[in-house]
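Working notes, structure below.
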Amino acid sequence: MRPEGLAPLFSSAETLTGVGPRVLQFLQKAIALPPGITDPRVIDLLWHAPHSVIDRRAEPALDEALPGTIATFAVRVTKHSGAPRNSKAPFRVTCEDETGTLTLVFFHGDPRFISRQLPIGETRYVSGRVDLYGNSLQMTHPDYIVEPDKRDTLPLLEPVYGLTAGLSPKVLQKIMRQTVERIPALPEWQEATWLGERAWPTFSDALRSLHVPTDTDDVSPGGPGWQRLAYDELLASQLALALIRQSHKAQRGRQVTGDGRLRERILAALPFPLTGAQKRSLTEIEADLASASRMLRLLQGDVGSGKTVVAMMAMAMAVETGAQAALMAPTEVLARQHAVSLSDLAEATGMRLALLTGREKGKPRREILERLEAGDIDILIGTHALFQPDVAYRDLAIAVIDEQHRFGVHQRLALQAKGHDGGANVLAMTATPIPRTLLMTHYGDLDVSKLDEKPPGRKPIKTTALPVSKIEKLLDRVRVNVTDGAQVYWVCPLIESTGTSELAAAEERAAHLGKLLPGKVGLVHGAMSGRDKDAVMAAFSAGDLRVLVATTVIEVGVNVPNATIMVIEHAERFGLAQLHQLRGRVGRGDRQSYCMLLHSDRLTETAEKRIAALQDAKRGDDGFWLSEQDLVLRGGGEILGSRQSGVPVYRVAEVPGAQDLLEAARDDARLILERDPGLQSERGTALRHLLYVFECDEAVRLFRAA
Ligand code: ADP
Ligand code: MG
């Protein structure tokens, strides 16, 4: 159980004053939430670090004020100059100190309200940007006007947060100030000497000063506070991994030695033979499952390399021995697609397959859970729903995690912990090549199988780039091809047009295409309900719809072999890895496929290079080469790789020097467990708090079992 003292951090953001349903919705958009969490909690807000501060500490005399800068002044009000009625002229308030005068300018303000805030003869602190108008100093709409005895309420260093439309800085700041009140005092989990050497503050102080800074360093990723939090997070994840390794060693795995009968049936039902790489990976998986220790294996294979069949065969091994298997995917769409595409194979072989996502609720969900616990389901496919607390498996032997980089360590653990004796064999799958160091941070030691050979008969996708001014040509080509029977994906990066924004709108595009091809165009986007999404996907899959306009919801894993044309609008807005993944939705059958990158007429140098890389005749379809190029083009600024995967794996650890911190954390974790394998010492108890703060709950649980 999570220690009582941490409860305030994990309470819902709705417990804060000013957070009602509307603000909650804005927060959901503005704040990065860990996968599986939909309602922001206090801790999620606390991890929403400001990206900069407004420095109001300068308090010059008026004759020393620097025009164009932000400053705070103590001034006396001398005059109100009201605008004549109905005129557009602003209301002005003249102020002075011993050295000069300052005019405060208000457009469309209520003069009575302003006069009350700034009564003649009184002293006020005003803070904002000063400018020179002719010879006189002006401040238009001061950010703050406070009375002398309330000076403390003026934030001399004001944090600036990433926002979303509808959420104003002042509202968010007010919420943030409350979250800071919820930070509990916690036992120190870092070593005193280590803290002393680096002059790091306590966890609570570091987190507090991130939101109530007293120095610009407090909100800088290179500053001592942030560095400490980064180290805390890295230590938590390294400790969690070390605990997994420890419990791996301590416990035997669920040994799986099937007789091959189900696998034979699968092979007979497949319309193709396995590639050499698929066979090799399966031999490796078989050996892992047959051994007494648990499997932790990563299956790496570029998009379209055929990972799903390998997963199905691996799951069949478990079912052959009378155990169960689970397949977890990061999105509802993908989970459903897996369930649909694998249900034929399951039926052909007599395996009982079921689907469990956030959408299965009430009675249907209860029924699935009952059958699962009774062992009447052999393979369960789903999303995060697969590891919720009330989900119990009769005998889970293998957990397959598709697109593993979309999940955090603890989510993987949570599913794994549902297994036999608290630890299922794990097969993690990815299309994104991951550097070795990054693998270490996410897994510690693990084995890797590579699908380095694509199924035969695939023709390389022909990739061309086209400036958006030539779109008519493209539309015409799409119309002709669709009339000839082709199916087309059309990807746009946003849902609604945002007035002046030049971003293409998926909705508008769908309407436009629908006029050219009546009744043949569908639209999917992230804001649609799951059911609606399914209906459109199914219609496209069945060929009733010929063009699927989509936001990036189709990015991951969707498989419609008949689709041969991929159009990506605003290609310059996507990363290289993402473009490659998107493009991988076509070229899955034996017909020639095409990818059209539609880009703005003017490209940055980097965007141009990215687009050129995808068209590279020799290596442009090699996902491993492309991801190397991606790193090169980004200037290698990113160390821990969370941006590469598209989902932040760490909440605060992306800081300068992270690589060094990571290595230190790895050594520290190893040492901690050597000295105190049961985390029983005083520091051990504190470290349990650390694990809970960073939501490695499952690791603590595992470790208790050890
Ligand atoms: P990914 O590795 O991207 O998940 P999938 O598993 O979705 O790829 O497979 C892509 C396509 O290739 C599917 O249509 C699948 O049926 C097909 N496929 C998989 N293995 C082979 C094979 N050995 N020979 C021919 N086609 C295959
Ligand atoms: Mg896949």
Side-chain angles (χ1 to χ4, degrees), residues 263 266-283 285 297-316 327-346 348 379 381-383 400-407 427-434 448-461 487 489 537 540-543 553-564 566 577-591 593 595 621-624 626-627 645-646:
R263 276 169 283 166
I266 293 175
L267 291 178
L270 282 176
F272 47 73
L274 295 183
T275 64
Q278 284 170 325
K279 283 188 200 152
R280 188 162 19 82
S281 303
L282 281 166
T283 310
I285 292 166
R297 184 170 285 279
L298 182 72
L299 180 65
Q300 275 190 335
D302 204 355
V303 278
S305 59
K307 294 185 287 293
T308 319
V309 175
V310 175
M312 187 62 170
M313 291 285 280
M315 293 195 288
L327 169 59
M328 179 161 76
T331 64
E332 177 107 28
V333 168
L334 187 55
R336 257 159 225 280
Q337 156 136 351
H338 278 320
V340 169
S341 68
L342 294 179
S343 65
D344 285 349
L345 276 182
I379 296 179
I381 296 180
T383 53
V400 181
I401 300 170
D402 196 14
E403 310 285 345
Q404 65 79 32
H405 57 281
R406 296 234 163 181
F407 295 96
L427 179 66
M429 308 202 290
T430 186
T432 313
I434 310 168
V448 179
S449 295
K450 278 193 182 148
L451 293 181
D452 47 12
E453 172 189 0
K454 292 222 173 153
R458 298 270 170 83
K459 298 194 181 75
I461 301 163
Q487 276 187 286
Y489 288 107
M537 291 302 300
F540 184 65
S541 202
V553 290
I554 63 153
E555 175 198 348
V556 177
V558 173
N559 190 31
V560 180
N562 193 47
T564 52
M566 165 67 66
Q578 211 181 0
L579 286 170
H580 178 61
Q581 293 256 337
L582 282 170
R583 182 176 59 176
R585 301 304 115 221
V586 297
R588 301 193 149 224
D590 44 18
R591 269 173 300 149
S593 288
C595 174
D621 63 345
D622 177 344
F624 284 75
L626 286 173
S627 80
S645 64

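This one's a predicted model, so the numbers in the text were calculated from it and none came from an experiment. Remember, it's 1-based here, ligands and their atoms both numbered in the order they're listed.
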Here the gap from M328 atom CE to I401 atom CD1, rounded to the nearest 0.5 Å, amounts to 4.5 Å
For V303, counting its heavy atoms only, list the atoms of ligand 1 lying under 4.0 Å from any of them.
3 (O)
So, taking the atom named NE2 in H338 and the one named CG in L334, what distance separates them when rounded to the nearest 0.5 Å?
4.0 Å
In ligand 1, the atoms that come under 4.0 Å of a heavy atom of P273 are 22 (C), 23 (N), 24 (N)
Contacting atoms of ligand 1, where contact means under 4.0 angstrom from a heavy atom of S305
2 (O), 8 (O)
Checking the N or O distance criterion of under 3.5 Å, is ligand 1 in contact with G301?
no
Under 4.0 Å from any heavy atom of T275, which atoms of ligand 1 are there?
23 (N)
Distance, nearest 0.5 Å, that separates CD of Q278 from CG of L270:
8.5 Å
With a 4.0 Å heavy-atom cut-off (strictly under), which part of Q278 contacts ligand 1: side chain, backbone, both or neither?
side chain
Flag, side chain of K307 to backbone of G301, donor-acceptor distance under 3.5 Å:
yes
CD1 (I379) and OG (S343) are apart, to the nearest 0.5 Å, by 10.5 Å
Check for a donor-acceptor pair, side chain of Q404 on one end and backbone N or O of L298 on the other, with a separation under 3.5 Å.
no
Taking only non-hydrogen atoms of L274 and a 4.0 Å limit, the atoms of ligand 1 in range are 23 (N)
Taking the non-hydrogen atoms of A431, is any one of them nearer than 4.0 angstrom to ligand 1?
no
Distance under 4.0 Å to a non-hydrogen atom of T308: what atoms of ligand 1 satisfy this?
4 (O), 5 (P), 6 (O), 7 (O)
Checking the side chain of Q487 only, and the main-chain atoms of F540 only, is there a donor and an acceptor separated by less than 3.5 Å?
yes
